[in-house]
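Note on naming: letters A, B, ... go to the chains in the order of the sequence lines (proteins, then strands), and numbering restarts at 1 for each one.
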Amino acid sequence: MAKGLTPQSEDFSAWYNEIVQQAELASHSPVRGCMVIRPYGYRIWELMQSALDDMFKATGHQNAYFPLFLPKSALDREAEHVEGFAPETAIVTHAGRAKLEEPLVVRPTSEAIIWPILSDWIHSYRDLPVLLNQWANVVRWEMRTRPFLRTTEFLWQEGHTAHATTEEAEEETRRMLGVYRTFMEDWMAMPVITGLKTDSERFAGALRTYACEGLMKDNKALQAGTSHHLGQNFARAFDVRYQTEDGEHVYVWSTSWGVSTRLVGGLIMTHGDDDGLILPPKLAPHEVVIVPIWRNDDQRATVLEAGERARSALNEAGVRVHVDDREGLNPGSKYYDWERRGVPLRLEIGPRDVESDSVMAVRRFTPEGADRKVSHPMAGLGAWIRETLDSVQDELLEGARRRRDDATVRGVEDYAEFQELMHGSGGFAYTGWCGESDCEQKVKDDTKSTIRVIPDEEFQSPESPPRCLCGAPSIGEVVRAKAY
RNA sequence: CGGGGAGUAGCUCAGUCCGGCAGAGCACUGGCUUUGGGAGCCAGGGGCCGCGGGUUCAAAUCCCGCCUCCCCGACCA
């Protein structure tokens, strides 16, 4: 068991890599850019999946599964789509020793397999809307990879929907963006800015792309989820038409939206500190770990018995709890161990606690002014712990929001000031924009920062700068940052 | 895909320059003693030295090719 982590302030990337390894979230595989998601990391993903899946069901979606392989000709159907994805696709050319008649593309996303099939399912306005989701793996052969944040193969969900009108499709696109935002805030305790992507950052084949952008602890932005209004682009490419009440044949309007295992990386970099991972209770494999403390066999028996009572009280209160009764490790080692793994709350139960029929509760994350360590009677433990975990969940979001806001500068107009900001502390900078992609590109070349989003109304500043960084009149406010 | 660094036990690394028995700390197994913030002693187990080829009596060490990881750029969720 290794001891210290590299401090975030010294080398954030090293800190990130070490935490992934030491908290046993993932490890490398023999194939470039691919990772093994270890049980502890996978459990976090499962908790994410379960919350999201419930939300998708609650908004009327059904799960389905479409194949891993796309005929290459299908990917080629939508011009912009193929242009965007061709450079990063893996292609299967052989089956055993025999060369395939037509190469197969391993899906980088599933539009090209879903739409040909939906064109058979959709005939009438009565068939609409179609609201589908699938949980799947996809492959994108990226140049540079990092565990969770960008891997060659990753796990995600992709929603695919078909609608009769552009208004309905737009509404769906926005609805799912809102679902993502709710999930990120209420489950991950990760505040995000939502908004529209510029054309240069738009999904290949989409009319419009919306995104949720979080700000990590190193002040770089993370695109955490995207929702696309695909217009009729895929309907045209794959001839997906329905008959209206008037008997006309018209193309459907479609959407797609997705989040991936990248979220786990976002979770790590939103809350983690120099002692390790910090998990919000709602996504923690163990919300509570009980560490029994004893000096002799008599104490061992009574302490473990008390631990068992605490465990079953918490179970009944719906808390995910684990008793660390490993022999031969002293309590201090166990504390460090679970702190590194981000467990929100630790209960220490020793002879003194048994004596007073109480437990010692220690928080992993303590906001200013709160007590890190508190003794609580065994009576009423379940309800108190549930309450404490709920407030930890809220405090994490609050803390992350304050950090994000502290790293946000609004009303930046002066280009020199902006460059200084991006080369220095980083963070979100709200500026004007002239709307020109040449200007967007120049700022990117100069500063490595990009326009993250054209923010939704509630994230906009009271007053938007009248001028773009280039000096030209601004057509609206944008949020810029360096990004993952 | 370019530039730089690295790959030796599960982890962190020494050994490589100058070829000659495969090493340390932590982790792991067994025993005893410990246990309220990273325990101690004793005894053990664990290696295709990234992979393949070459040079040599002899290769972790020298040469060639490839793979993987990390950092920096161009591409992206």
Side-chain angles (χ1 to χ4, degrees), chain A residues 1-6 11-14 16-18 20-22 24 27-35 38 83-89 108-109 138-158 180 197 200-204 209 211-214 221-228 256-266 275-276 291-297 299-300 303 324-340 346-355 359-360 362 372-373 375 441 444-445 448 450 483-484:
Chain A
M1 203 180 305
K3 287 196 177 168
L5 287 167
T6 300
D11 184 342
F12 196 83
S13 295
Y16 180 85
N17 291 329
E18 288 167 19
V20 166
Q21 191 212 319
Q22 291 192 22
E24 298 182 348
S27 55
H28 293 295
S29 81
V31 177
R32 176 191 167 75
C34 294
M35 72 174 168
R38 302 179 65 173
E83 170 103 9
F85 282 107
E88 56 192 49
T89 54
T109 176
V138 289
V139 167
R140 296 182 187 176
W141 220 270
E142 303 286 356
M143 299 296 176
R144 223 179 130 189
T145 60
R146 305 197 61 191
F148 293 108
L149 298 173
R150 181 171 300 105
T151 47
T152 302
E153 177 194 14
F154 56 94
L155 306 183
W156 78 343
Q157 59 68 219
E158 44 182 325
Y180 288 156
K197 285 286 181 182
S200 70
E201 302 260 328
R202 190 166 37 82
F203 176 75
T209 289
C212 297
E213 295 278 334
L222 182 77
Q223 179 172 305
T226 48
S227 186
H228 316 288
S256 72
W257 28 274
V259 295
S260 72
T261 36
R262 167 177 264 201
L263 291 178
V264 177
D275 295 326
V291 178
I293 301 158
W294 64 79
R295 284 177 194 280
N296 55 50
D297 283 352
Q299 290 181 347
R300 180 175 180 275
V303 155
D324 187 353
D325 58 0
R326 285 178 290 178
E327 305 275 350
L329 273 184
N330 65 23
S333 303
K334 295 179 181 178
Y335 301 166
Y336 282 105
D337 198 15
W338 295 113
E339 279 167 10
R340 195 175 320 112
R346 169 175 83 234
L347 295 189
E348 304 173 7
I349 303 183
R352 295 205 294 267
D353 307 295
V354 172
E355 186 67 31
V359 300
M360 188 63 78
V362 185
R372 193 174 86 97
K373 206 162 169 172
S375 182
Q441 184 61 40
K444 185 176 176 181
D445 293 343
K448 313 290 176 215
T450 48
Y484 277 97

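The pair Lys197(A)-Glu213(A) counts as a salt bridge, with a side-chain nitrogen and a carboxylate oxygen less than 4.0 angstrom apart. Ion pairing between a basic and an acidic side chain is recognised when a charged N comes within 4.0 Å of a carboxylate O; Arg144(A) and Glu142(A) show no such pairing. Salt-bridge check for Lys334(A) with Glu348(A): failed, with every basic side-chain N at 4.0 Å or more from each acidic carboxylate O.
Here Arg32(A) lies in heavy-atom contact (under 4.0 Å) with sugar-phosphate atoms only. Residue-level contact check: Lys197(A) touches neither bases nor backbone, having no heavy atom under 4.0 Å from any strand. Contact annotation for Gly33(A): backbone-only contact, meaning every heavy-atom pair under 4.0 Å involves sugar-phosphate atoms and none involves a base. Using a 4.0 Å heavy-atom distance criterion, Pro30(A) is classed as a sugar-phosphate-only contact. Contacts of Ser260(A) with the nucleic acid, taken as non-hydrogen atoms under 4.0 Å apart, include base atoms. Here Arg38(A) lies out of heavy-atom contact (under 4.0 Å) with every strand. Among the atoms of the strands shown, none is found under 4.0 Å from any heavy atom of Leu222(A).
Look at C41(B): its Watson-Crick or wobble partner, with both distances under 3.5 angstrom, is G31(B). The partner of C49(B), taking Watson-Crick or G-U wobble pairs whose two distances both stay under 3.5 Å, does not exist in any strand shown. Across all strands shown, C76(B) forms no Watson-Crick or G-U wobble pair with both key distances under 3.5 Å. The partner of U61(B), taking Watson-Crick or G-U wobble pairs whose two distances both stay under 3.5 Å, does not exist in any strand shown.
Following rounding to the nearest Å, Glu24(A) (CD) and A27(B) (P) show an atom-to-atom distance of 14 Å.
Checking G36(B), C75(B), G37(B) against every side-chain atom of Glu142(A), the shortest atom distance belongs to C75(B). When the nucleotides C71(B), G37(B), C76(B) are ranked by their closest atom to the side chain of Val362(A), G37(B) comes out on top. Of the candidates U35(B), U12(B), G38(B), the closest approach to any side-chain atom of Tyr336(A) belongs to G38(B). In the set G38(B), C76(B), G36(B), G36(B) carries the atom at the smallest distance from any side-chain atom of Glu348(A). Looking at the side chain of His28(A), the nearest of the listed nucleotides C70(B), G36(B), A74(B) is C70(B). Among the nucleotides C11(B), G38(B), C75(B), the one closest to any side-chain atom of Lys444(A) is C75(B). For Met143(A), counting side-chain heavy atoms from C-beta on, the closest listed nucleotide (C70(B), C75(B), G36(B)) is C75(B). Checking U35(B), U12(B), C76(B) against the side-chain heavy atoms of Pro331(A) singles out U35(B) as nearest.
Between Ser29(A) and U68(B), a side-chain N or O to OP1/OP2 separation shorter than 4.0 Å is absent. Phosphate contact (OP1/OP2 of G36(B), side-chain N/O of Gln299(A), threshold under 4.0 Å): absent. Proximity of Lys373(A) to the phosphate of G36(B): no side-chain N or O atom is located under 4.0 Å from OP1 or OP2. For Arg146(A) and C76(B), the shortest distance from a side-chain N or O to OP1 or OP2 is not below 4.0 Å.
Donor-acceptor pairing under 3.5 Å, judged by distance alone, is present between the side chain of Asp353(A) and the base of G36(B). In terms of polar N and O atoms assigned as donor or acceptor, the side chain of Arg346(A) never comes within less than 3.5 Å of the base of G36(B) in a complementary pairing. Within 3.5 Å, no donor on the side chain of Glu339(A) pairs with an acceptor on the base of G38(B), nor the reverse.
Here the closest heavy-atom approach between residue Gly265(A) and residue Phe148(A) is recorded as N-CB, 3.7 Å.
Where Arg144(A) and Val31(A) meet RNA chain B, the nucleotide closest to each residue was compared, and Val31(A) sits on the side nearer the 5' end.
A cation-pi arrangement is not found for Arg150(A) relative to Tyr484(A), the charged atom failing to lie both closer than 6.0 Å to the ring centre and inside a 45° cone about the ring normal.
Residues Ile293(A) and Gln299(A) fail the side-chain proximity criterion, which asks for heavy atoms closer than 4.5 Å.
In this structure, Tyr335(A) does not count as stacked on the base of G37(B) under the 5.5 Å centre distance and 30° plane angle limits.
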